[in-house]
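I have placed the structure first, in the form of structure tokens, so that the comments after it can refer back to it.
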Amino acid sequence: MNWHGITVGYALSGSHCTLSEIMPQIQRFVDAGANVVPIVSTTIMTTDTRFGASADWQKTLGDITGNEIISTIVDAEPLGPSKRLDVLAIAPCTGNTTSKLANAMTDGPVLMAAKSQLRNQRPLVLAISTNDGLGLNAANIAKLLVTKNVYFVPFGQDNPQAKPNSLVARMDLVMETCEAALQGKQLQPLLIERFQYA
């Protein structure tokens, strides 16, 4: 696919353990010619973890995309009327973000961007990363699976022995899922194995 002339919104919510896996995927879009607009949750903007300092992740995002980070509801709101984004990926998409999105809550920049995208009937791609995907969040995932213009990066259980409710997407398939979503298609297979048998 020719990504030149296509604007990709790339939103990150607070699954800090997946951020190092995500940055190369953002680089793939840029290398393919897409204009990538980074959008981050308040958690990403304000929290240092054992997986890295917030300032370092912000710098990496800016260096890769060459665009300013959208980090407030006020900055995200114009994405709706401007119809700026051709496709929006939330990767990683935490259980918290999943549950709020499924229940029409808009309390941060990532959710405002998602609301704007759905308002414009444009594709929204979710790469879930949640410890309760087969727990209380299963109902929210199911709700979003049948929502118009919402697509999922293929996902599966990442550690069924130690964390039987945990679901994580194949982050290396974000671009392929976005490409399919721009054509109105769900990348298949949707349910995959994320773990190796011993």
Can a donor-acceptor pair be found between the side chains of [X] and [Y] at a distance below 3.5 Å?
X	Y	result
Asp158	Ser166	yes
Asp132	Thr130	yes
Asn165	Asn131	no

Please check if the side chain of [X] supplies one atom and the backbone of [Y] the other of a donor-acceptor pair under 3.5 Å.
X	Y	result
Asn137	Asn140	no
Glu193	Gly156	no
Arg28	Val174	no
Arg122	Leu85	yes
Ser13	Ser41	no

Contact between [X] and [Y] at the side-chain level, heavy atoms closer than 4.5 Å - yes or no?
X	Y	value
Tyr151	Cys178	no
Leu126	Val153	no
Phe155	Arg170	no
Gln58	Pro38	no
Leu61	Ile26	yes

Should [X] and [Y] be counted in the same cluster of Ile, Leu, Val, Met, Phe, Trp and Tyr side chains packed under 4.5 Å apart?
X	Y	answer
Leu190	Val168	no
Trp3	Leu173	yes
Met175	Phe152	no
Ile44	Val36	yes
Leu12	Leu167	no

Report all side-chain donor-acceptor pairs from residues 141-149 shorter than 3.5 Å, counting only partners two or more places apart or in another chain.
unit_1	atom_1	unit_2	atom_2	d
Lys143	NZ	Ala102	O	3.0
Lys143	NZ	Asn103	OD1	3.3
Thr147	OG1	Lys143	O	2.8

message: Would you compute the distance between atom OH of Tyr10 and atom CG of Leu88 and round it to the nearest 0.5 angstrom?
response: 10.5 Å
task: Measure across Pro92 and Ile90 and return the closest heavy-atom pair with its distance rounded to 0.1 Å.
output: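 So the two residues come closest at O-CG2, 3.7 Å.
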- prompt: So, for Leu187 and Glu176, which heavy atoms are closest and what is the spacing to 0.1 Å?
  reply: CD2-CB, 3.9 Å
message: Holding to salt bridge (charged side-chain N to carboxylate O under 4.0 Å, His left out), I want the full list of residues that pass it with Asp56, two or more places apart in sequence or in another chain.
response: none
When the side chains of residues 70-78 are checked against the rest of the protein, which donor-acceptor pairs come out under 3.5 Å, sequence neighbours left out?
unit_1	atom_1	unit_2	atom_2	d
Thr72	OG1	Asp75	N	3.0
Thr72	OG1	Asp75	OD2	3.2

field: Positive for side chain to side chain contact (heavy atoms under 4.5 Å, CB included) with Val87, one of Leu182, Thr7, Leu124
entry: Leu182
query: Do other residues, nucleotides or ligands put more than 12 heavy atoms under 6.0 Å from Leu136 CG?
result: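 No, the 6.0 Å shell around CG holds no more than 12 heavy atoms from other groups.
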